[in-house]
Amino acid sequence: MRLKWQQLFPILIILATFILAFSLYSELPAFMASHWGINGQADGFMPKNKALAIMPAISIILYLLFLILPKTDPYRPSFKQFENHFNNFLVVVFGFLFYLFCLMLYWNLGNQFNMGQALAPAFSIMFYFTGVLTSVARRNWFVGIRTPWTMSSDEVWDKTHQLGGRLYKIAAAVSLLGVVFPDISFYLVIGPILLVTVFIFIYSYVQHTKLTRS
């Protein structure tokens, strides 16, 4: 099986996390900050070995899922239509995970900062490319806004995903404001994405109702 460069990129990221963990191991504290509250400050700690292992483990599991699950999709021909966009999204996801891992290491090396503020641009990029992928996704069981109503109709799927793609991009712009307003960065990141998720779920139902009544 020949992998595309976007599919090879996560392997490089996983290797980089191991290299960083080993190279900085002796400089890191025995108990590392591993969770940050809504104020951007550390409020959870765990043993160094466990803290360093979590991100590589998550990355490996996600990578395997992203490789295997699309191949089991009954709508595989539809998935092939936007597979390149999906592969590009893989680069964004694993770039985000690596950035998060680097922030965790940097904090635990004694550098204090507002984690919410630092993560805001990364979430903004994630949300934007989620919007890009959403707008081109065709009906499948793996990627996209999968509600009972989008999965039952190509028309409802397309309308929901076109609007969802635009709304995710708007959420990306709002979340970027977390860089400027660090005290409320958590709400600027989480609030818009929750609103979009709820709205688009309802929207898919409304579109399905209109279709069945016509």
Side-chain angles (χ1 to χ4, degrees), residues 1-70 86-130 132-133 171-172 174-194:
M1 179 179 64
R2 183 176 180 181
L3 298 178
K4 298 180 179 180
W5 76 266
Q6 299 102 320
Q7 296 170 314
L8 292 172
F9 180 80
I11 297 176
L12 298 177
I13 289 296
I14 292 168
L15 290 175
T17 59
F18 279 110
I19 292 171
L20 273 177
F22 280 116
S23 62
L24 297 174
Y25 186 85
S26 61
E27 301 178 41
L28 293 165
F31 279 82
M32 293 176 55
S34 57
H35 184 272
W36 285 259
I38 61 175
N39 61 354
Q41 300 303 309
D43 61 2
F45 298 81
M46 65 174 56
K48 176 165 55 176
N49 290 343
K50 185 176 180 180
L52 292 175
I54 285 178
M55 190 61 72
I58 291 174
S59 298
I60 291 171
I61 292 170
L62 279 179
Y63 181 62
L64 292 175
L65 288 175
F66 284 148
L67 281 183
I68 296 171
L69 288 182
F86 174 74
N87 289 334
N88 290 336
F89 186 68
L90 285 185
V91 173
V92 176
V93 169
F94 284 90
F96 174 86
L97 292 176
F98 185 66
Y99 177 67
L100 178 58
F101 187 68
C102 289
L103 288 180
M104 183 185 74
L105 293 178
Y106 187 66
W107 176 288
N108 283 285
L109 288 172
N111 305 287
Q112 304 297 301
F113 56 90
N114 187 301
M115 183 62 78
Q117 182 182 32
L119 282 175
F123 275 112
S124 179
I125 293 171
M126 275 280 291
F127 294 159
Y128 178 83
F129 281 96
T130 297
V132 171
L133 180 60
V174 174
S175 64
L176 190 58
L177 294 174
V179 177
V180 182
F181 304 104
D183 292 340
I184 57 171
S185 58
F186 174 84
Y187 303 101
L188 291 171
V189 169
I190 300 300
I193 208 67
L194 287 178

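The residues of the chain are indexed from 1 along the displayed sequence. The basis for the numbers below is simple: all heavy atoms, side chains too, and nothing from hydrogens, waters or symmetry mates.
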For residues 48-59, run the donor-acceptor check on the side chains, cut-off 3.5 Å, and write out each pair with its distance to 0.1 Å, sequence neighbours left out.
from, atom 1, to, atom 2, distance (Å)
Lys48, NZ, Tyr25, O, 2.9
Lys48, NZ, Leu28, O, 3.2
Asn49, OD1, Tyr25, OH, 2.6
Ser59, OG, Met55, O, 2.9

Below 3.5 Å, can you tabulate the donor-acceptor pairs from side chains in residues 174-181 to any protein atom, sequence neighbours excluded?
from, atom 1, to, atom 2, distance (Å)
Ser175, OG, Ala171, O, 3.2
Ser175, OG, Ala172, O, 2.8

Under 3.5 Å, side-chain donor or acceptor atoms of residues 33-42 against the rest of the protein: list the pairs with distances, not counting sequence neighbours.
from, atom 1, to, atom 2, distance (Å)
His35, ND1, Asp43, OD1, 2.6
Asn39, OD1, Gln41, N, 3.1

Side-chain donor-acceptor contacts of residues 87-102 below 3.5 Å, not counting sequence neighbours, with atom names and distances?
from, atom 1, to, atom 2, distance (Å)
Asn87, ND2, Glu83, O, 3.4
Asn88, OD1, Gln6, NE2, 2.9
Asn88, ND2, Asn84, O, 3.4
Tyr99, OH, Ala118, O, 2.7

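Evaluation of the side chain to side chain contact (heavy atoms under 4.5 Å, CB included) rule for Pro70 yields Arg76, Phe79, Phe86, Phe142 as partners, not counting sequence neighbours. Phe31 meets the ring-ring contact (aromatic ring centres under 6.0 Å, His included) test with no other residue; sequence neighbours excluded.
Sorted by first and then second residue, the side chain to side chain donor-acceptor pair (under 3.5 Å) pairs with a member in residues 101-124 form an empty list; sequence neighbours excluded. Under the side chain to side chain donor-acceptor pair (under 3.5 Å) criterion, no residue pair touches residues 179-192, with sequence neighbours excluded.
Two residues are said to be in side-chain contact when any heavy atoms from C-beta on lie closer than 4.5 Å; Phe129 and Leu133 fail this criterion. By the 4.5 Å heavy-atom criterion applied to side chains, Leu119 and Val189 are not counted as neighbours.
Annotation: the span from Ile13 atom CD1 to Leu8 atom CG amounts to 12.0 Å, rounded to 0.5 Å. With values rounded to the nearest 0.5 angstrom, Leu64 atom CG is found 10.0 Å from Leu69 atom CG. A distance of 10.0 Å separates OG1 in Thr17 from CZ in Phe22, rounded to the nearest 0.5 Å.
In this pair, Phe127 and Phe123 present their aromatic rings tilted. The plane angle is within the 30 to 60° band.
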